[in-house]
Undergrad: 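Can you read through this structure? Questions will come right after.
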Amino acid sequence: MKNFQDKVAVITGGASGLGREFAKRAASLGMKLVLADVQQDALDATKSELEGEGAQVLAMLCDVRKGEQVQALADATMARFGAVHLVFNNAGVGSGGLIWENSEADWEWVLGVNLWGVIHGVRIFTRLMLECAKDDPQYEGHIVNTASMAGLLNAPTMGVYNVSKHAVVSLSETLYHDLQLVEAPIGASVLCPYFVPTGIGQSHRNRPEDVKMTGGPTASQKAAQAMTVKAVESGKVSAGDVAQITFDAIRDGQFYIYSHPGALGNVAERMEEIVKGINPGDPYKAAPHIRDMLRAKMKG
């Protein structure tokens with residue numbers, strides 16, 4: 001996708017974090033914006049800011065776990081702008097702790113947002129984009145699914161999150177191949193950021209009532225939360241940097257997008273272990289002090 005001017009971008013999780021930066025970057029390129037989020041105040045603030053800078057913005061409350069709400073988002077997009085060209089399936093949440101301590105509600109919430117949100121976005125918007133392409137010989141489209149470096153690695157105490165993001169990588173690779181198979185004028189990318197300062201560490205603030213935690217957090221969940229917040233807040237690559245990297249990748253037709261390419265050494269080691277049938281290596285080999293800190297926090 002080379003031309004962004006006057007094209008339509010749909011962004012889930014568009015009111016904060018990476019989504020907000022995608023919106024700002026898209027607006028600077030002259031795109032029309034559709035922002036979806038579950039946080040009304042942040043959605044209103046982002047819409048107001050971007051409209052103040054001259055962008056055309058449609059903002060909607062949308063729980064991406066719910067297929068009917070994602071369909072309503074698509075219908076509203078077509079009613080307002082008549083087409084869709086760029087889709088960011090970006091909404092995401094996190095939940096940690098020892099994997100056997102995660103509740104059914106934890107699994108339903110994280111997989112509902114991180115995986116089912118992408119599933120709904122792909123199944124609804126891809127078909128819509130293909131219809132748009134039929135009516136426009138010059139059509140260019142692109143879909144970006146936000147995964148994580150956790151979609152390529154498996155850090156301890158991040159099991160639910162890891163599972164959701166590995167699935168997004170698989171879904172995205174298959175989407176890419178399927179679009180190539182039918183020679184669609186639509187590109188696809190998977191974004192795998194590492195620790196970037198966003199609100200992901202505090203995503204429980206928007207956890208819906210139907211998947212609320214029924215008891216207090218365990219020691220491992222408290223420890224994982226504290227470690228995640230520290231890692232995210234200390235990130236040196238900003239959400240704005242990631243947005244720039246992502247739009248450059250879209251323009252270049254690049255599938256895999258990384259915020260921290262240096263972390264791929266760990267991915268290469270994991271792939272080698274898989275190919276050679278070696279048991280998973282020590283995830284703290286380069287930083288054993290982190291394992292010691294995590295164990296200490298889990299013991300209270």
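Computed from a predicted structure; not experimentally measured.
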Undergrad: Tell me whether the centres of the aromatic rings in Y258 and Y194 are closer together than 6.0 Å.
TA: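 Not close enough - the centres of the two rings lie 6.0 Å or further apart.
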Undergrad: Taking all atoms of both residues into account, what is the closest heavy-atom pair of G94 and Y161, and its distance?
TA: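 Nearest heavy atoms, G94 then Y161: CA-CD1, 3.9 Å.
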Undergrad: Which distance, rounded to the nearest 0.5 Å, do you find between the CG of L153 and the CD of E269?
TA: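 Output value for this atom pair is 9.5 Å.
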Undergrad: Could you give the distance from CE (M271) to CG (L264), rounded to the nearest 0.5 Å?
TA: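 Between atom CE of M271 and atom CG of L264 there are 11.0 Å.
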Undergrad: Please test L29 against R251 for side-chain contact (heavy atoms from CB on, under 4.5 Å), starting from the C-alpha separation and ending with a verdict.
TA: CA-CA 12 Å; L29 294 170; R251 185 178 280 111; 4.2 Å; yes
Undergrad: Indicate the atoms forming the closest heavy-atom contact of A219 with M298, along with that distance.
TA: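 What the structure gives for the nearest pair is CB-O, 3.2 Å.
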Undergrad: Could you grab the distance from atom CG of N3 to atom CE of M31, nearest 0.5 Å is fine?
TA: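 Interatomic distance, N3 CG to M31 CE, rounded to 0.5 Å: 9.0 Å.
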Undergrad: Taking the basic N atoms (NZ, or NE/NH1/NH2) and the acidic carboxylate oxygens, is any pair closer than 4.0 Å for R65 and D210?
TA: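 Yes, this pair counts.
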Undergrad: Look at the aromatic rings of H120 and W116 and report parallel, tilted or perpendicular, splitting at 30° and 60°.
TA: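 Judged by the thresholds at 30° and 60°, the geometry between H120 and W116 is tilted.
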Undergrad: Please determine whether the number of non-hydrogen atoms from other residues, nucleotides or ligands lying under 6.0 Å from atom NZ of K2 exceeds 12.
TA: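 Enclosed: over 12 neighbouring heavy atoms sit under 6.0 Å from NZ of K2.
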Undergrad: Indicate the atoms forming the closest heavy-atom contact of S259 with V242, along with that distance.
TA: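 For S259 and V242, the tightest heavy-atom pair comes out as CB-CG2, 3.9 Å.
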Undergrad: Mind checking whether S170 and E173 have side chains closer than 4.5 Å, heavy atoms only?
TA: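 Heavy-atom side-chain distance check fails, nothing below 4.5 Å.
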Undergrad: Is the CD atom of E68 crowded by more than 12 outside heavy atoms at less than 6.0 Å?
TA: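 Count over threshold, so yes.
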Undergrad: Shortest non-hydrogen contact from G187 to L179?
TA: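 Nearest pair, atom of G187 first, then L179: O-CD1, 4.2 Å.
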Undergrad: I'd like a table of donor-acceptor pairs (distance under 3.5 Å, sequence neighbours excluded) in which one partner is a side-chain atom from residues 6-14, with atom names and distances.
TA:
unit_1: T12; atom_1: OG1; unit_2: F88; atom_2: O; d: 3.4
unit_1: T12; atom_1: OG1; unit_2: N90; atom_2: N; d: 2.8
unit_1: T12; atom_1: OG1; unit_2: A91; atom_2: N; d: 3.0

Undergrad: If the threshold is 4.0 Å, N to carboxylate O, is there a salt bridge linking R270 and E273?
TA: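 No salt bridge links R270 with E273.
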Undergrad: Which heavy atom of G96 sits nearest to which heavy atom of N102, and what is that distance?
TA: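 Closest pair (atom of G96, atom of N102, distance): O-ND2, 3.1 Å.
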Undergrad: Apply side-chain contact (heavy atoms from CB on, under 4.5 Å) to residues Q56 and F81 and explain how you reach the verdict.
TA: CA-CA 10 Å; Q56 296 183 52; F81 294 122; 3.7 Å; yes
Undergrad: Between E140 and P185, is there a donor-acceptor pair closer than 3.5 Å when you use the side chain of the first and the backbone of the second?
TA: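 No: the side chain of E140 does not pair with the backbone of P185.
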Undergrad: Which distance, rounded to the nearest 0.5 Å, do you find between the CH2 of W109 and the CG of N114?
TA: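 It is 8.5 Å, given to the nearest 0.5 Å.
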Undergrad: Where is the tightest heavy-atom contact between P217 and M213, given as atom of each residue plus distance?
TA: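 Of all heavy-atom pairs spanning P217 and M213, the closest is CA-CE, 3.9 Å.
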Undergrad: Roughly how far, to the nearest 0.5 Å, is NE2 of H142 from CD1 of I250?
TA: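 The CD1 atom of I250 sits 5.5 Å away from the NE2 atom of H142.
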Undergrad: Any heavy-atom pair between the side chains of S95 and W107 that's under 4.5 Å?
TA: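 When only atoms from C-beta onward are counted, S95 and W107 do not touch, as no gap falls below 4.5 Å.
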Undergrad: In the structure I gave you, are the side-chain heavy atoms of P156 and Y284 within less than 4.5 Å of one another anywhere?
TA: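 Yes, at least one pair of side-chain atoms sits under 4.5 Å.
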Undergrad: Flag the pair R127 and E131 as a salt bridge only when some basic side-chain nitrogen lies within less than 4.0 angstrom of an acidic carboxylate oxygen.
TA: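 The answer is no: the pair does not qualify as a salt bridge.
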Undergrad: With heavy-atom distances below 4.5 Å as the criterion, would you say the side chains of L98 and T218 are in contact?
TA: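 Of all side-chain heavy-atom pairs linking T218 with L98, none is under 4.5 Å.
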Undergrad: Within a strict 4.5 Å, meaning less than it, do heavy atoms of the M129 and Y139 side chains meet?
TA: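 Yes. Closest side-chain heavy atoms under 4.5 Å.
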Undergrad: If you apply the rule side-chain contact (heavy atoms from CB on, under 4.5 Å), what do you find for N145 with L175, and how did you get there?
TA: CA-CA 10 Å; N145 296 329; L175 172 65; 4.1 Å; yes
Undergrad: Would you say NZ of K230 has more than 12 non-hydrogen atoms from neighbouring residues, nucleotides or ligands within 6.0 angstrom?
TA: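 Count not over threshold, so no.
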Undergrad: Hey, does the side chain of D252 reach the backbone of Q254 with a donor-acceptor pair shorter than 3.5 angstrom?
TA: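 No, D252 side chain to Q254 backbone: no donor-acceptor pair under 3.5 Å.
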Undergrad: Check step by step if side-chain contact (heavy atoms from CB on, under 4.5 Å) holds for T146 and V168.
TA: CA-CA 8 Å; T146 300; V168 170; over 6 Å; no
Undergrad: Any carboxylate oxygen within less than 4.0 angstrom of a Lys/Arg side-chain nitrogen, looking at K236 and D241?
TA: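 The answer is no: the pair does not qualify as a salt bridge.
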Undergrad: Does any N or O in the side chain of T77 come within less than 3.5 Å of the main-chain N or O of L73, such that one atom is a donor and the other an acceptor?
TA: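 Yes; judged by distance alone, with no hydrogens or angles, the pair exists.
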Undergrad: Between V38, V118, V64, which is the residue that forms a side chain to side chain contact (heavy atoms under 4.5 Å, CB included) with V113?
TA: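 That would be V64; it is the only one of V38, V118, V64 passing the side chain to side chain contact (heavy atoms under 4.5 Å, CB included) with V113.
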Undergrad: About how many Å separate CZ of F22 and CG of L191, when rounded to the nearest 0.5 Å?
TA: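 The CZ atom of F22 is 5.0 Å from CG of L191, to the nearest 0.5 Å.
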Undergrad: Starting from W100, can I reach V110 by hopping between I/L/V/M/F/W/Y residues whose side chains sit under 4.5 Å apart?
TA: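 Same cluster.
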Undergrad: Hey, are the side chains of L33 and L58 touching, using non-hydrogen atoms and a 4.5 Å cut-off?
TA: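 Sidechains of L58 and L33: no contact.
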Undergrad: Do K297 and K222 have side chains that approach each other closer than 4.5 Å (heavy atoms only, starting at C-beta)?
TA: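 The answer is no, as the side chains (C-beta and beyond) never meet within the 4.5 Å cut-off.
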Undergrad: Under 4.5 Å between side-chain heavy atoms, counting indirect links through other Ile/Leu/Val/Met/Phe/Trp/Tyr residues: same cluster for V267 and I278 or not?
TA: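 Result: no, two separate clusters.
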Undergrad: Look at R207 together with D106 and state whether they make a salt bridge at an N to O cut-off of under 4.0 Å.
TA: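 Judged by the 4.0 Å cut-off on N to carboxylate O distance, R207 and D106 do form a salt bridge.
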Undergrad: So, T46 side chain and A15 main chain: donor-acceptor pair closer than 3.5 Å or not?
TA: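 Looks like yes, one N/O pair under 3.5 Å.
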Undergrad: Should V182 and V87 be counted in the same cluster of Ile, Leu, Val, Met, Phe, Trp and Tyr side chains packed under 4.5 Å apart?
TA: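 V182 does not cluster with V87.
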Undergrad: E21 versus S238: any side-chain heavy-atom pair under 4.5 Å?
TA: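 No. Closest side-chain heavy atoms not under 4.5 Å.
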Undergrad: Answer with yes or no after comparing the ring centroid distance for F195 and H260 against a 6.0 Å cut-off, counting only values under it.
TA: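 No, too far apart.
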